[in-house]
Amino acid sequence: MDEPGGYGGGFGLDDFASDSDLADVPDDHWLIEGLEASGLHSVALTWVDVAGHTRVKTVPLARLQEAAEHGVGMSPVFDVYLVDDSVTTSRHIGGPDGDLRLRPDLDRLTALAGQPGWAWAPVDRFHQDGRPYEACQRRFARSMVRRAAEQGLELRMGFETEWVVRRGDEPACTGPAYGMARVVELSAYLGELLTALRDQGLEVLQLHPEYSPGQFELSFAPTDPVGAADQAVLVRETIRALSLAHGLTPSFGPAVAPGAVGNGRHLHLSLWSGGRNLCADGEGPFGMTDVCEPFLSGILRELPALLALGAPSPASYLRLTPSRWAGAFQCWGLENREAALRFIAGQGANAEIKCFDPAANPYLVVGAVIAAGLAGLESRLALPVPVAGDPVRQSERRLPRSLTEAVEHFAASRVLGEALGEALTEAVIAVRTAEVELFAGATPQELAEATRDRY
Ligand code: GLU
Ligand code: MG
């Protein structure tokens, strides 16, 4: 399929259902006809719930215009679903009542190269009367982007995606970590994956074999925060489709096997104003400007609470341990892969948050990171001394060692509570607490096995 998707040239709908709350949807029957002519028949409309699952309603292509104007119904209850599809409840969300309207953002409409005939678009969620839904995660992310814009700041972000691929119960390749042998073993699979991503308009920076058996990583060019979150969803489903087509099982859980290096989903970010990268050419540490330093300090300060969003599964804490480059310490350093916050200086300067993993809802992550950064800017925080070398030897502070601990920080965080609002905050606490209870008696092996293939 060579139609580029929403990230490449898109379908030429520059102002279509753009950044506002999707109030006006022009009548574009020509668009649908063009898509039909190119062999598409159906569109997957996705959003990501609090537990980190991508939920979907699909519509025949002929219904897309209607869906964009009036939305497609879906219960709000999915925001209190747990990783095993059991259901908890929270003060604002839960129970059988109510319905929401899912409205696709057609700017992102992408023909799925790994699923011929299918297209995909992320949705925003609305009440039936057309009001934006206060617990819509994508809307939350967009509102934090606006908050930054009000201060003249633009963020560029990109998620790294790590996954483990198996054939049956065995890793799908046997070559060594970072070894060319793995690329040779899985040449057809990886080649088709890269081609599919390109055909969908995604700009891959790198693909490489990672440390754990059968593990790979993909990274992408930075883009706007909501776009980076949309992209994270699209990338995962593309990997899934291509893996299944090759008879392989992809695992996106944070821990595939206890005691082994897990899957991270690190977030890269840089701050911009008037076309200038504020992470470089300043007077602060390693060239940071006086906007970048307090912004990153705010993120660093909030990391224990941010983990309830970025490392949201009990299994996340099997991964988040020292000496695995997962960023288990609340410190920062220049190119330090054991620090939760790694700064990359020079041309293309940016910061990488390493402690987040692929169980996270990427929209919650990007929005909450912006909120934490802006709070740091407001309090004019300075960064502590950077850490060089292994933080384990320098009595640096460990990040929470369990989801329970992270949730305590989250519940106490005024910065995140104010940004997310009550409905989302309480749903996050309810889902996390219920997942802790769900796995209370589980061994690490049982926890890893129960979660690794659920995302
Ligand atoms: N797999 C590691 C993690 O759990 C990250 C390795 C890397 O630095 O890319 O985050
Ligand atoms: Mg990696």
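Just so you know, residue 1 is the first one in the sequence shown, and it goes up from there. Whatever order the structure lists them in is the order used to number ligands and atoms, beginning at 1. Quick note: numbers below take in every heavy atom, side chains included, and nothing from hydrogens, waters or symmetry partners.
The distance from atom CZ of F295 to atom CG of L381, rounded to the nearest 0.5 Å, is 12.0 Å.
Of the polar atoms of G262, at least one N or O is found under 3.5 Å from an N or O of ligand 1, judged by distance alone. Of the N or O atoms in H266, one or more lie within a sub-3.5 Å distance of an N or O in ligand 1. Note: no N/O pair closer than 3.5 Å links N263 and ligand 1 by distance alone.
With 3.5 Å as the limit, one finds no donor-acceptor pair spanning the side chains of W163 and T161. Donor-acceptor pairing under 3.5 Å is recorded for the side chains of D79 and Q137. Using modelled atom types and a 3.5 Å distance limit, the side chains of E154 and S273 yield no donor-acceptor pair. D124 and Y133 share no donor-acceptor pair across their side chains, judged by distance under 3.5 Å alone.
Here the rule is salt bridge (charged side-chain N to carboxylate O under 4.0 Å, His left out) with D224, and of R142, R146, R108 only R108 fits it. When the options L278, I344, N277 are evaluated for a side-chain contact (heavy atoms from CB on, under 4.5 Å) with S270, the one that passes is N277.
For atom 1 (N) of ligand 1, the closest heavy atom belonging to the protein is E162 OE1, 2.7 Å. Of the protein's heavy atoms, K354 NZ, 2.9 Å lies nearest to atom 8 (O) of ligand 1.
Residue R319 holds the heavy atom nearest to atom 3 (C) of ligand 1 of all those in R337, E210, R319.
Residue V261 has at least one heavy-atom neighbour below 4.0 Å for each of these atoms of ligand 1: 1 (N). For ligand 1, the atoms sitting less than 4.0 Å from at least one non-hydrogen atom of E217 are 9 (O), numbered in the order shown with element in parentheses. Short contacts between ligand 1 and R324, defined as distances under 4.0 Å to a heavy atom of the residue, involve ligand atoms 2 (C). The ligand atoms of ligand 1 that sit less than 4.0 angstrom from a heavy atom of G264 are 3 (C), 4 (O), 10 (O).
The atom name of the N/O/S atom in E210 closest to the Mg ion (ligand 2) is OE2. Take the N/O/S atoms of E217: the one nearest the Mg ion (ligand 2) is OE1.
The Mg ion (ligand 2) has an N, O or S atom of E162 closer than 2.8 Å.
Proximity of the aromatic rings of Y455 and H53 is defined here by a centroid distance below 6.0 angstrom, and this criterion is met.
For the pair R432 (side chain) and P314 (backbone), a donor-acceptor distance under 3.5 Å is absent.
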